[in-house]
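To keep things clear, I will list the structure first and then write my remarks on it.
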Amino acid sequence: MRDLVIIGAGPAGLSAAATAHALGLDTLILDEQPSAGGQIYRNVERVTDQRPADLAFLGRDYAHGRTLARAASAVDRRQGATVWHIGPMTRTEGRQVVWSEEGKAQKVNARAVLLATGAMERPVPIPGWTLPGVTTVGALQTVLKQSGIFPRGRVVLAGSGPLLMLLASQYFAAGIRIEAILDTTPPGGLNRAMLWLPLATVGARRAILKGRRLRAVYGRAAREVWRGVTGIRAEGDGALQTVRFTDASGVAHEIAADALALHEGVIPNPQLPRLVEAVHDWDPRQRCFRPVLDAYGASSASGVYVAGDGGGILGAEAAEASGRVAAATVALGLGRIAEAERDLRAAPDLNRLTGQRWLRRFLDAMFPPPDWIGRMADATTVCRCEEVRAADIRKVADHAQGPNQLKAYTRAGMGPCQGRMCGHTVTEVLAEAKAMAPGAVGYYHIRPPAKPVTVEEMAALVE
Amino acid sequence: MTFARLAGPTKAAAVTLTVDGQRIAARDGDTVAAALLAAGRQAIRRSAVTGEPRAPYCQMGVCFECLVEIDGVADRQACLVPVRNGMVVATQQGEG
Ligand code: FES
(Lines give C-alpha, C1' and ligand atoms only; values in the text may rest on other atoms or scores of the structure.)
Protein backbone atom coordinates (compact mmCIF):
# COMPACT_ATOMS: atom_id res chain seq x y z
CA MET A 1 0.00 0.00 0.00
CA ARG A 2 1.23 3.47 -0.90
CA ASP A 3 1.01 6.40 1.47
CA LEU A 4 -0.06 8.74 -1.30
CA VAL A 5 -1.19 8.36 -4.88
CA ILE A 6 -1.08 11.60 -6.82
CA ILE A 7 -3.15 11.76 -9.98
CA GLY A 8 -1.79 14.30 -12.43
CA ALA A 9 1.78 15.47 -13.10
CA GLY A 10 1.19 19.15 -13.70
CA PRO A 11 2.44 21.90 -11.37
CA ALA A 12 0.20 20.78 -8.47
CA GLY A 13 1.04 17.09 -8.76
CA LEU A 14 4.77 17.58 -9.25
CA SER A 15 5.20 20.03 -6.39
CA ALA A 16 3.08 17.84 -4.12
CA ALA A 17 5.25 14.86 -5.05
CA ALA A 18 8.47 16.69 -4.21
CA THR A 19 7.09 17.68 -0.81
CA ALA A 20 5.67 14.23 -0.11
CA HIS A 21 9.03 12.67 -0.95
CA ALA A 22 10.89 15.09 1.30
CA LEU A 23 8.54 14.15 4.14
CA GLY A 24 9.19 10.45 3.62
CA LEU A 25 5.83 9.47 2.12
CA ASP A 26 5.80 6.47 -0.19
CA THR A 27 4.30 8.17 -3.22
CA LEU A 28 3.19 7.20 -6.72
CA ILE A 29 2.25 9.67 -9.48
CA LEU A 30 -0.18 8.52 -12.17
CA ASP A 31 -0.46 10.81 -15.17
CA GLU A 32 -2.53 10.27 -18.26
CA GLN A 33 -0.45 12.43 -20.59
CA PRO A 34 2.59 11.12 -22.48
CA SER A 35 5.01 13.23 -20.42
CA ALA A 36 5.08 15.24 -17.20
CA GLY A 37 4.28 18.94 -16.93
CA GLY A 38 0.51 19.09 -17.19
CA GLN A 39 -0.94 21.28 -19.90
CA ILE A 40 0.99 24.38 -18.90
CA TYR A 41 4.41 22.71 -18.97
CA ARG A 42 3.45 20.10 -21.55
CA ASN A 43 6.42 18.27 -23.08
CA VAL A 44 8.85 20.70 -21.43
CA GLU A 45 11.61 18.16 -20.89
CA ARG A 46 11.64 17.06 -24.50
CA VAL A 47 11.43 20.60 -25.84
CA THR A 48 14.41 21.59 -23.69
CA ASP A 49 16.43 18.60 -24.91
CA GLN A 50 15.40 18.40 -28.54
CA ARG A 51 14.13 21.82 -29.63
CA PRO A 52 15.74 24.32 -27.25
CA ALA A 53 15.34 27.10 -29.83
CA ASP A 54 11.57 26.89 -29.34
CA LEU A 55 11.94 28.03 -25.74
CA ALA A 56 12.49 31.51 -27.14
CA PHE A 57 8.81 31.86 -28.07
CA LEU A 58 7.29 29.46 -25.54
CA GLY A 59 8.67 31.71 -22.84
CA ARG A 60 10.58 31.69 -19.58
CA ASP A 61 7.57 30.66 -17.51
CA TYR A 62 7.24 27.53 -19.61
CA ALA A 63 10.86 26.57 -19.00
CA HIS A 64 10.16 26.63 -15.26
CA GLY A 65 8.33 23.32 -15.70
CA ARG A 66 11.67 21.59 -16.06
CA THR A 67 12.74 22.64 -12.57
CA LEU A 68 9.47 21.31 -11.21
CA ALA A 69 9.85 17.97 -12.96
CA ARG A 70 13.43 17.64 -11.71
CA ALA A 71 12.41 18.34 -8.12
CA ALA A 72 9.98 15.41 -8.32
CA SER A 73 12.27 13.09 -10.26
CA ALA A 74 12.93 10.79 -7.30
CA VAL A 75 9.24 9.93 -7.09
CA ASP A 76 7.85 6.84 -8.83
CA ARG A 77 5.85 8.16 -11.79
CA ARG A 78 3.81 6.50 -14.54
CA GLN A 79 3.03 8.42 -17.70
CA GLY A 80 0.20 7.32 -19.98
CA ALA A 81 -1.59 6.00 -16.91
CA THR A 82 -5.33 6.69 -17.07
CA VAL A 83 -7.14 6.37 -13.74
CA TRP A 84 -10.68 5.11 -14.11
CA HIS A 85 -11.70 4.06 -10.67
CA ILE A 86 -11.11 5.15 -7.10
CA GLY A 87 -12.72 2.83 -4.59
CA PRO A 88 -14.36 3.70 -1.29
CA MET A 89 -12.25 4.41 1.79
CA THR A 90 -11.60 1.45 4.01
CA ARG A 91 -10.12 1.56 7.47
CA THR A 92 -7.25 -0.85 6.88
CA GLU A 93 -6.66 -0.75 3.12
CA GLY A 94 -7.21 2.90 2.28
CA ARG A 95 -8.66 3.49 -1.17
CA GLN A 96 -8.05 1.37 -4.20
CA VAL A 97 -6.93 3.30 -7.27
CA VAL A 98 -7.37 1.56 -10.64
CA TRP A 99 -5.77 2.71 -13.86
CA SER A 100 -4.89 1.49 -17.35
CA GLU A 101 -1.43 1.70 -18.83
CA GLU A 102 -0.54 0.38 -22.28
CA GLY A 103 -3.94 -1.30 -22.42
CA LYS A 104 -3.44 -3.12 -19.12
CA ALA A 105 -5.38 -2.43 -15.96
CA GLN A 106 -3.47 -2.08 -12.70
CA LYS A 107 -4.36 -1.24 -9.14
CA VAL A 108 -2.80 0.02 -5.98
CA ASN A 109 -4.06 0.86 -2.53
CA ALA A 110 -3.43 4.29 -1.11
CA ARG A 111 -3.76 5.76 2.34
CA ALA A 112 -4.45 9.13 0.69
CA VAL A 113 -5.25 10.25 -2.84
CA LEU A 114 -4.39 13.67 -4.22
CA LEU A 115 -6.33 14.70 -7.31
CA ALA A 116 -4.17 17.09 -9.31
CA THR A 117 -6.09 16.68 -12.54
CA GLY A 118 -6.11 20.36 -13.40
CA ALA A 119 -8.33 22.27 -15.73
CA MET A 120 -9.94 21.81 -19.11
CA GLU A 121 -11.07 24.52 -21.45
CA ARG A 122 -14.69 25.44 -21.12
CA PRO A 123 -16.46 23.89 -24.11
CA VAL A 124 -17.68 26.72 -26.38
CA PRO A 125 -20.90 25.50 -28.02
CA ILE A 126 -21.28 27.85 -30.98
CA PRO A 127 -23.00 26.93 -34.24
CA GLY A 128 -20.58 24.82 -36.27
CA TRP A 129 -18.17 23.98 -33.45
CA THR A 130 -18.12 20.32 -34.46
CA LEU A 131 -16.67 21.07 -37.91
CA PRO A 132 -13.15 19.85 -38.62
CA GLY A 133 -10.97 22.95 -38.50
CA VAL A 134 -12.54 24.17 -35.26
CA THR A 135 -10.54 23.42 -32.11
CA THR A 136 -9.85 25.01 -28.78
CA VAL A 137 -7.09 27.58 -28.38
CA GLY A 138 -5.48 25.24 -25.89
CA ALA A 139 -5.40 22.50 -28.54
CA LEU A 140 -3.33 24.69 -30.83
CA GLN A 141 -0.98 25.51 -27.98
CA THR A 142 -0.76 21.83 -27.08
CA VAL A 143 0.36 20.74 -30.54
CA LEU A 144 2.77 23.68 -30.68
CA LYS A 145 4.47 22.42 -27.51
CA GLN A 146 4.12 18.77 -28.34
CA SER A 147 5.30 18.81 -31.93
CA GLY A 148 6.10 22.37 -32.99
CA ILE A 149 3.21 22.38 -35.48
CA PHE A 150 0.75 25.12 -36.37
CA PRO A 151 -2.16 25.47 -38.78
CA ARG A 152 -1.33 26.72 -42.23
CA GLY A 153 -3.57 29.22 -43.98
CA ARG A 154 -6.04 31.64 -42.44
CA VAL A 155 -6.04 31.15 -38.68
CA VAL A 156 -8.72 32.82 -36.56
CA LEU A 157 -8.50 32.91 -32.75
CA ALA A 158 -11.77 33.73 -31.01
CA GLY A 159 -12.80 34.22 -27.43
CA SER A 160 -11.48 35.80 -24.28
CA GLY A 161 -8.88 35.37 -21.58
CA PRO A 162 -5.20 35.01 -20.72
CA LEU A 163 -4.62 31.75 -22.64
CA LEU A 164 -5.88 33.32 -25.86
CA MET A 165 -3.55 36.28 -25.36
CA LEU A 166 -0.66 33.97 -24.53
CA LEU A 167 -1.10 31.82 -27.65
CA ALA A 168 -1.39 34.96 -29.81
CA SER A 169 1.88 36.26 -28.38
CA GLN A 170 3.60 32.88 -28.79
CA TYR A 171 2.45 32.66 -32.43
CA PHE A 172 3.61 36.23 -32.96
CA ALA A 173 7.05 35.51 -31.47
CA ALA A 174 7.35 32.33 -33.53
CA GLY A 175 6.43 34.22 -36.70
CA ILE A 176 3.15 32.30 -37.18
CA ARG A 177 0.57 34.34 -39.03
CA ILE A 178 -2.84 34.96 -37.46
CA GLU A 179 -5.53 36.21 -39.82
CA ALA A 180 -7.87 37.57 -37.17
CA ILE A 181 -8.47 37.71 -33.45
CA LEU A 182 -12.14 37.95 -32.51
CA ASP A 183 -12.07 39.06 -28.89
CA THR A 184 -15.36 38.41 -27.11
CA THR A 185 -14.40 40.13 -23.84
CA PRO A 186 -17.22 42.53 -22.99
CA PRO A 187 -15.97 46.11 -23.36
CA GLY A 188 -14.80 47.92 -20.24
CA GLY A 189 -12.63 45.11 -18.89
CA LEU A 190 -10.00 47.20 -17.20
CA ASN A 191 -12.68 49.40 -15.60
CA ARG A 192 -14.44 46.36 -14.19
CA ALA A 193 -11.20 44.95 -12.88
CA MET A 194 -9.60 48.16 -11.61
CA LEU A 195 -10.84 47.67 -8.08
CA TRP A 196 -8.72 44.52 -7.78
CA LEU A 197 -5.59 45.85 -9.47
CA PRO A 198 -3.80 47.14 -6.34
CA LEU A 199 -4.28 43.89 -4.44
CA ALA A 200 -3.48 41.79 -7.51
CA THR A 201 -0.28 43.76 -8.01
CA VAL A 202 0.76 43.12 -4.42
CA GLY A 203 -0.26 39.48 -4.52
CA ALA A 204 0.95 38.52 -7.98
CA ARG A 205 3.22 41.22 -9.30
CA ARG A 206 4.93 39.03 -11.89
CA ALA A 207 1.63 37.97 -13.42
CA ILE A 208 0.39 41.55 -13.67
CA LEU A 209 3.61 42.61 -15.40
CA LYS A 210 3.38 39.65 -17.75
CA GLY A 211 -0.22 40.56 -18.53
CA ARG A 212 0.90 44.04 -19.49
CA ARG A 213 3.51 42.64 -21.87
CA LEU A 214 0.93 40.31 -23.39
CA ARG A 215 -1.51 43.17 -23.95
CA ALA A 216 1.13 45.13 -25.80
CA VAL A 217 1.75 42.28 -28.26
CA TYR A 218 -1.87 41.12 -28.50
CA GLY A 219 -3.10 44.10 -30.48
CA ARG A 220 -0.62 43.50 -33.28
CA ALA A 221 -0.36 39.72 -33.24
CA ALA A 222 -3.00 39.36 -35.97
CA ARG A 223 -3.76 41.02 -39.25
CA GLU A 224 -7.13 42.11 -37.81
CA VAL A 225 -8.10 42.39 -34.16
CA TRP A 226 -11.80 42.84 -33.42
CA ARG A 227 -12.97 43.66 -29.90
CA GLY A 228 -16.35 43.21 -28.27
CA VAL A 229 -17.27 40.51 -30.77
CA THR A 230 -20.49 38.47 -30.36
CA GLY A 231 -22.42 35.85 -32.32
CA ILE A 232 -19.49 33.80 -33.65
CA ARG A 233 -20.50 30.97 -36.00
CA ALA A 234 -18.44 28.46 -37.93
CA GLU A 235 -19.66 27.32 -41.34
CA GLY A 236 -18.42 24.98 -44.00
CA ASP A 237 -19.17 21.92 -46.02
CA GLY A 238 -17.46 19.02 -44.28
CA ALA A 239 -14.82 21.35 -42.85
CA LEU A 240 -14.53 24.94 -41.70
CA GLN A 241 -14.64 27.52 -44.50
CA THR A 242 -16.21 30.66 -43.07
CA VAL A 243 -16.40 32.41 -39.71
CA ARG A 244 -19.26 34.86 -39.14
CA PHE A 245 -19.47 37.31 -36.27
CA THR A 246 -21.00 40.57 -35.15
CA ASP A 247 -18.71 43.47 -34.25
CA ALA A 248 -19.06 45.79 -31.26
CA SER A 249 -21.27 48.19 -33.19
CA GLY A 250 -23.64 45.46 -34.34
CA VAL A 251 -22.35 45.06 -37.90
CA ALA A 252 -22.20 41.51 -39.24
CA HIS A 253 -18.98 40.24 -40.83
CA GLU A 254 -17.82 37.15 -42.63
CA ILE A 255 -14.24 35.97 -43.08
CA ALA A 256 -12.80 33.01 -44.90
CA ALA A 257 -10.89 30.75 -42.49
CA ASP A 258 -9.00 27.46 -42.48
CA ALA A 259 -8.70 27.18 -38.70
CA LEU A 260 -10.83 28.57 -35.89
CA ALA A 261 -9.67 28.19 -32.30
CA LEU A 262 -12.13 28.96 -29.50
CA HIS A 263 -11.44 29.88 -25.90
CA GLU A 264 -13.73 31.09 -23.13
CA GLY A 265 -11.58 30.37 -20.11
CA VAL A 266 -10.89 27.17 -18.24
CA ILE A 267 -12.87 25.16 -15.68
CA PRO A 268 -11.88 22.44 -13.21
CA ASN A 269 -11.68 19.01 -14.82
CA PRO A 270 -14.70 17.50 -13.04
CA GLN A 271 -14.35 13.79 -13.59
CA LEU A 272 -12.35 12.34 -10.68
CA PRO A 273 -13.63 14.61 -7.88
CA ARG A 274 -17.14 13.71 -9.08
CA LEU A 275 -16.23 10.04 -9.20
CA VAL A 276 -15.39 10.01 -5.48
CA GLU A 277 -18.61 11.95 -4.87
CA ALA A 278 -16.89 14.94 -3.36
CA VAL A 279 -19.35 17.72 -2.56
CA HIS A 280 -19.28 20.45 -5.22
CA ASP A 281 -20.66 23.94 -5.37
CA TRP A 282 -21.34 26.30 -8.24
CA ASP A 283 -18.92 29.19 -8.53
CA PRO A 284 -20.99 32.00 -10.03
CA ARG A 285 -17.94 34.15 -10.76
CA GLN A 286 -16.26 31.48 -12.88
CA ARG A 287 -19.56 29.85 -13.92
CA CYS A 288 -18.51 26.31 -13.15
CA PHE A 289 -18.71 23.67 -10.46
CA ARG A 290 -15.77 23.06 -8.19
CA PRO A 291 -15.18 20.67 -5.32
CA VAL A 292 -15.63 22.16 -1.88
CA LEU A 293 -12.23 22.11 -0.15
CA ASP A 294 -10.85 23.23 3.17
CA ALA A 295 -7.88 25.60 3.28
CA TYR A 296 -5.44 22.68 2.93
CA GLY A 297 -7.13 20.97 -0.01
CA ALA A 298 -9.12 18.25 1.77
CA SER A 299 -12.36 17.42 -0.05
CA SER A 300 -15.50 16.06 1.58
CA ALA A 301 -14.49 12.56 0.40
CA SER A 302 -12.46 10.81 3.07
CA GLY A 303 -8.75 10.65 2.26
CA VAL A 304 -9.15 12.58 -1.00
CA TYR A 305 -7.39 15.89 -1.47
CA VAL A 306 -7.50 18.23 -4.44
CA ALA A 307 -4.70 20.62 -5.45
CA GLY A 308 -4.33 22.96 -8.39
CA ASP A 309 -6.91 24.13 -10.90
CA GLY A 310 -9.01 21.00 -10.39
CA GLY A 311 -10.12 22.59 -7.13
CA GLY A 312 -11.02 25.95 -8.69
CA ILE A 313 -9.14 27.98 -11.27
CA LEU A 314 -6.24 29.89 -9.74
CA GLY A 315 -3.40 29.27 -12.20
CA ALA A 316 -0.05 27.50 -12.23
CA GLU A 317 1.70 29.36 -9.40
CA ALA A 318 -1.21 28.69 -7.09
CA ALA A 319 -1.25 25.06 -8.20
CA GLU A 320 2.35 24.61 -7.09
CA ALA A 321 1.63 26.20 -3.72
CA SER A 322 -1.55 24.19 -3.13
CA GLY A 323 0.26 20.97 -4.05
CA ARG A 324 2.87 21.54 -1.34
CA VAL A 325 0.21 22.44 1.22
CA ALA A 326 -1.86 19.34 0.44
CA ALA A 327 1.16 17.02 0.58
CA ALA A 328 2.22 18.37 3.97
CA THR A 329 -1.35 17.94 5.18
CA VAL A 330 -1.38 14.32 4.02
CA ALA A 331 1.82 13.79 6.00
CA LEU A 332 0.14 15.31 9.03
CA GLY A 333 -2.90 13.07 8.57
CA LEU A 334 -0.67 9.97 8.43
CA GLY A 335 1.11 11.06 11.59
CA ARG A 336 4.46 11.69 9.88
CA ILE A 337 4.75 15.31 10.94
CA ALA A 338 3.29 17.39 13.73
CA GLU A 339 0.66 20.02 13.16
CA ALA A 340 3.16 22.74 14.03
CA GLU A 341 5.45 21.57 11.26
CA ARG A 342 2.64 21.43 8.71
CA ASP A 343 1.58 24.94 9.71
CA LEU A 344 5.12 26.22 9.40
CA ARG A 345 5.52 24.66 5.97
CA ALA A 346 2.12 25.80 4.75
CA ALA A 347 2.27 29.41 5.94
CA PRO A 348 4.24 30.92 3.01
CA ASP A 349 2.19 28.96 0.48
CA LEU A 350 -1.12 29.97 2.04
CA ASN A 351 0.12 33.55 1.71
CA ARG A 352 0.96 32.99 -1.94
CA LEU A 353 -2.48 31.51 -2.49
CA THR A 354 -4.10 34.60 -1.05
CA GLY A 355 -2.14 36.72 -3.50
CA GLN A 356 -3.13 34.47 -6.39
CA ARG A 357 -6.80 34.72 -5.32
CA TRP A 358 -6.55 38.51 -5.58
CA LEU A 359 -5.10 38.11 -9.06
CA ARG A 360 -7.96 35.78 -9.97
CA ARG A 361 -10.54 38.34 -8.80
CA PHE A 362 -8.87 40.82 -11.15
CA LEU A 363 -8.86 38.34 -14.06
CA ASP A 364 -12.44 37.17 -13.44
CA ALA A 365 -13.62 40.79 -13.57
CA MET A 366 -11.56 41.53 -16.66
CA PHE A 367 -12.57 38.35 -18.55
CA PRO A 368 -15.99 37.34 -17.23
CA PRO A 369 -17.11 33.86 -18.32
CA PRO A 370 -19.68 33.73 -21.13
CA ASP A 371 -23.24 34.35 -19.92
CA TRP A 372 -24.96 33.20 -23.14
CA ILE A 373 -24.45 29.45 -22.96
CA GLY A 374 -27.82 28.78 -21.31
CA ARG A 375 -29.47 30.82 -24.07
CA MET A 376 -27.55 29.28 -26.99
CA ALA A 377 -29.40 28.78 -30.29
CA ASP A 378 -31.79 25.82 -30.44
CA ALA A 379 -30.03 24.19 -33.37
CA THR A 380 -26.56 24.24 -31.79
CA THR A 381 -24.97 20.98 -30.69
CA VAL A 382 -24.60 20.57 -26.92
CA CYS A 383 -23.43 16.95 -26.75
CA ARG A 384 -20.93 16.33 -29.52
CA CYS A 385 -20.80 12.55 -29.03
CA GLU A 386 -24.52 11.81 -29.25
CA GLU A 387 -25.35 14.92 -31.31
CA VAL A 388 -27.91 16.34 -28.92
CA ARG A 389 -28.95 19.92 -29.64
CA ALA A 390 -30.07 22.65 -27.27
CA ALA A 391 -33.63 22.23 -28.58
CA ASP A 392 -33.64 18.53 -27.59
CA ILE A 393 -32.75 19.50 -24.04
CA ARG A 394 -35.29 22.31 -23.82
CA LYS A 395 -38.03 20.00 -25.08
CA VAL A 396 -37.69 17.71 -22.05
CA ALA A 397 -36.46 20.28 -19.53
CA ASP A 398 -39.81 20.41 -17.73
CA HIS A 399 -39.91 16.67 -17.17
CA ALA A 400 -36.25 16.11 -16.40
CA GLN A 401 -35.50 16.65 -12.75
CA GLY A 402 -31.85 17.21 -13.48
CA PRO A 403 -28.94 16.27 -15.73
CA ASN A 404 -29.08 12.56 -14.85
CA GLN A 405 -32.67 12.11 -15.89
CA LEU A 406 -32.01 14.24 -18.95
CA LYS A 407 -29.25 11.83 -19.91
CA ALA A 408 -31.77 9.00 -20.06
CA TYR A 409 -34.24 11.09 -22.09
CA THR A 410 -31.80 12.52 -24.65
CA ARG A 411 -28.59 10.41 -24.47
CA ALA A 412 -26.65 13.62 -23.79
CA GLY A 413 -23.53 12.63 -21.88
CA MET A 414 -23.73 8.93 -22.81
CA GLY A 415 -21.09 8.93 -25.55
CA PRO A 416 -17.39 8.16 -25.28
CA CYS A 417 -16.46 11.44 -23.56
CA GLN A 418 -18.86 10.58 -20.73
CA GLY A 419 -20.24 14.06 -20.42
CA ARG A 420 -16.94 15.90 -20.26
CA MET A 421 -17.86 18.09 -23.23
CA CYS A 422 -21.55 18.69 -22.48
CA GLY A 423 -21.79 18.55 -18.67
CA HIS A 424 -21.49 22.24 -17.94
CA THR A 425 -23.52 23.23 -21.01
CA VAL A 426 -26.36 20.91 -19.98
CA THR A 427 -26.37 22.45 -16.51
CA GLU A 428 -26.53 25.96 -18.00
CA VAL A 429 -29.24 25.16 -20.56
CA LEU A 430 -31.36 23.35 -17.94
CA ALA A 431 -30.90 26.17 -15.43
CA GLU A 432 -32.08 28.73 -17.97
CA ALA A 433 -35.01 26.60 -19.16
CA LYS A 434 -36.18 25.78 -15.64
CA ALA A 435 -35.38 29.26 -14.27
CA MET A 436 -33.27 27.62 -11.57
CA ALA A 437 -29.80 28.34 -10.22
CA PRO A 438 -27.13 26.15 -11.90
CA GLY A 439 -25.99 24.97 -8.48
CA ALA A 440 -29.50 23.67 -7.78
CA VAL A 441 -29.71 21.97 -11.19
CA GLY A 442 -26.54 20.01 -10.43
CA TYR A 443 -24.28 17.90 -12.63
CA TYR A 444 -24.02 14.42 -14.06
CA HIS A 445 -23.38 11.61 -11.67
CA ILE A 446 -20.00 10.17 -12.72
CA ARG A 447 -19.72 6.41 -12.35
CA PRO A 448 -16.78 4.09 -12.84
CA PRO A 449 -15.12 3.44 -15.18
CA ALA A 450 -14.34 7.16 -15.50
CA LYS A 451 -12.69 6.43 -18.84
CA PRO A 452 -13.87 3.80 -21.30
CA VAL A 453 -12.03 0.51 -20.72
CA THR A 454 -12.26 -2.78 -22.55
CA VAL A 455 -13.71 -5.92 -21.02
CA GLU A 456 -10.27 -7.55 -21.34
CA GLU A 457 -8.74 -4.80 -19.23
CA MET A 458 -11.31 -5.31 -16.50
CA ALA A 459 -10.95 -9.07 -16.69
CA ALA A 460 -7.17 -8.89 -16.36
CA LEU A 461 -7.68 -7.03 -13.11
CA VAL A 462 -9.65 -9.83 -11.51
CA GLU A 463 -6.99 -12.46 -12.24
CA MET B 1 -6.84 22.93 -42.34
CA THR B 2 -3.40 21.46 -42.67
CA PHE B 3 -0.55 21.82 -40.25
CA ALA B 4 3.05 22.77 -40.85
CA ARG B 5 6.09 22.18 -38.70
CA LEU B 6 8.19 25.05 -37.42
CA ALA B 7 11.42 25.37 -39.31
CA GLY B 8 13.65 25.43 -36.18
CA PRO B 9 16.29 22.76 -35.54
CA THR B 10 15.27 19.57 -33.77
CA LYS B 11 17.09 16.55 -32.44
CA ALA B 12 13.90 14.48 -32.46
CA ALA B 13 14.38 11.22 -34.32
CA ALA B 14 12.31 10.43 -37.39
CA VAL B 15 9.55 7.89 -36.83
CA THR B 16 7.47 6.13 -39.47
CA LEU B 17 3.93 4.90 -38.95
CA THR B 18 1.31 3.40 -41.17
CA VAL B 19 -2.03 5.19 -41.33
CA ASP B 20 -4.83 3.51 -43.25
CA GLY B 21 -2.20 1.58 -45.17
CA GLN B 22 -0.07 4.60 -46.05
CA ARG B 23 3.32 5.33 -44.53
CA ILE B 24 3.61 8.72 -42.87
CA ALA B 25 6.64 10.42 -41.40
CA ALA B 26 6.44 11.64 -37.81
CA ARG B 27 8.87 12.64 -35.09
CA ASP B 28 9.72 11.19 -31.74
CA GLY B 29 7.66 13.15 -29.21
CA ASP B 30 4.61 13.51 -31.44
CA THR B 31 1.32 12.17 -30.24
CA VAL B 32 -0.54 10.13 -32.82
CA ALA B 33 -3.06 12.98 -33.14
CA ALA B 34 -0.33 15.56 -33.78
CA ALA B 35 1.39 13.24 -36.26
CA LEU B 36 -1.88 12.82 -38.18
CA LEU B 37 -2.37 16.59 -38.37
CA ALA B 38 1.23 17.13 -39.42
CA ALA B 39 0.74 14.54 -42.16
CA GLY B 40 -2.22 16.47 -43.54
CA ARG B 41 -4.99 14.36 -42.05
CA GLN B 42 -7.81 16.24 -40.41
CA ALA B 43 -11.27 14.63 -40.31
CA ILE B 44 -10.23 11.31 -38.81
CA ARG B 45 -13.57 9.98 -37.65
CA ARG B 46 -17.30 10.29 -38.18
CA SER B 47 -19.90 11.13 -35.58
CA ALA B 48 -22.03 8.34 -34.15
CA VAL B 49 -25.50 9.49 -35.16
CA THR B 50 -25.34 11.44 -38.44
CA GLY B 51 -21.90 10.36 -39.60
CA GLU B 52 -20.55 13.88 -40.00
CA PRO B 53 -16.77 14.28 -40.24
CA ARG B 54 -14.95 15.10 -37.00
CA ALA B 55 -11.42 16.10 -36.08
CA PRO B 56 -9.48 16.34 -32.80
CA TYR B 57 -10.90 19.23 -30.78
CA CYS B 58 -9.13 19.43 -27.40
CA GLN B 59 -5.78 17.62 -27.85
CA MET B 60 -5.70 16.86 -24.12
CA GLY B 61 -7.84 13.81 -23.61
CA VAL B 62 -11.29 15.19 -22.83
CA CYS B 63 -13.31 15.40 -26.08
CA PHE B 64 -12.77 11.90 -27.54
CA GLU B 65 -12.93 13.29 -31.07
CA CYS B 66 -9.55 11.72 -31.85
CA LEU B 67 -10.51 8.06 -31.43
CA VAL B 68 -8.55 5.78 -33.79
CA GLU B 69 -7.46 2.18 -33.92
CA ILE B 70 -3.84 1.74 -32.89
CA ASP B 71 -2.03 -1.57 -33.38
CA GLY B 72 -5.34 -3.39 -33.53
CA VAL B 73 -6.94 -1.77 -30.49
CA ALA B 74 -9.98 0.35 -31.37
CA ASP B 75 -11.11 3.62 -29.77
CA ARG B 76 -7.77 4.84 -28.50
CA GLN B 77 -7.39 8.55 -27.84
CA ALA B 78 -4.81 9.54 -30.42
CA CYS B 79 -3.91 12.72 -28.54
CA LEU B 80 -2.72 10.73 -25.51
CA VAL B 81 -0.64 8.11 -27.31
CA PRO B 82 2.97 8.86 -28.31
CA VAL B 83 4.06 7.64 -31.75
CA ARG B 84 6.35 4.63 -32.07
CA ASN B 85 8.22 3.39 -35.08
CA GLY B 86 6.15 0.88 -37.03
CA MET B 87 2.89 1.75 -35.31
CA VAL B 88 -0.18 0.83 -37.34
CA VAL B 89 -3.03 3.34 -37.16
CA ALA B 90 -6.46 3.01 -38.75
CA THR B 91 -8.94 5.84 -38.67
CA GLN B 92 -12.50 4.94 -37.75
CA GLN B 93 -14.42 6.53 -40.59
CA GLY B 94 -17.16 3.95 -40.54
CA GLU B 95 -18.44 3.81 -37.00
CA GLY B 96 -18.61 6.35 -34.19
S1 FES C 1 -8.47 15.49 -29.21
FE2 FES C 1 -9.83 15.57 -27.54
S3 FES C 1 -9.56 13.64 -26.61
FE4 FES C 1 -8.05 13.65 -28.15
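Protein chains get the first letters and strands the later ones, always in sequence-line order, with residue 1 at the start of each.
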*asked:* Set out, in order, the CA-CA distance, both residues' side-chain angles and the distance that settles side-chain contact (heavy atoms from CB on, under 4.5 Å) for A:Phe57 and B:Leu6, then state yes or no.
replied: CA-CA 12 Å; A:Phe57 62 81; B:Leu6 289 168; 3.3 Å; yes

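- Under the 3.5 Å distance criterion, the side-chain polar atoms of A:Arg384 are left unmatched by any main-chain donor or acceptor of B:Phe64.
- Under a 3.5 Å cut-off, the side chain of B:Lys11 and the backbone N or O of A:Arg51 do not form any donor-acceptor pair.
- The distance from the CZ atom of A:Phe150 to the CG atom of B:Leu37 is 13.0 Å, given to the nearest 0.5 Å.
- For A:Lys451 against B:Gly61, the heavy-atom pair with the smallest separation is NZ-O, 2.9 Å.
- For the atom pair CG (A:Leu144) and CZ (B:Arg5), the distance works out to 12.0 Å, reported to the nearest 0.5 Å.
- The OG1 atom of A:Thr130 sits 7.5 Å away from the CD atom of B:Glu65 when rounded to the nearest 0.5 Å.
- Between A:Glu102 and B:Arg84, at least one side-chain N (NZ, or NE/NH1/NH2) sits under 4.0 Å from a carboxylate O, which counts as a salt bridge.
- Proximity to chain B (any heavy atom under 4.5 Å) is restricted, for A:Leu262, to the side chain, taken from C-beta onward.
- With values rounded to the nearest 0.5 angstrom, A:Arg42 atom CZ is found 8.0 Å from B:Gln59 atom CD.
- Proximity to chain B (any heavy atom under 4.5 Å) is restricted, for A:Gln39, to the side chain, taken from C-beta onward.
- When all heavy atoms of B:Asp28 and A:Gln50 are compared, the pair lying nearest together is OD2-NE2, 3.3 Å.
- Heavy atoms of B:Val62 lying under 4.5 Å from chain A belong to its backbone as well as its side chain.
- Residue A:Ala239 touches chain B through its side chain alone, counting heavy-atom pairs closer than 4.5 Å.
- Between B:Cys63 and A:Cys417 the shortest heavy-atom distance is O-CB, 3.7 Å.
- Taking CD of A:Gln146 as the reference point, atom CG of B:Asp30 lies at 7.5 Å (rounded to 0.5 Å).
- In this structure, chain B has a heavy atom under 4.5 Å from the side chain of A:Asn269, while its backbone stays farther away.
- Of the atoms belonging to A:Thr142, it is side-chain heavy atoms, and not backbone ones, that fall under 4.5 Å from chain B.
- Note that CD of A:Glu387 is 3.5 Å distant from OG1 of B:Thr50, once rounded to the nearest 0.5 Å.
- Looking at B:Glu52, its side chain never comes within 3.5 Å of a backbone N or O of A:Gly238 through a donor-acceptor pair.
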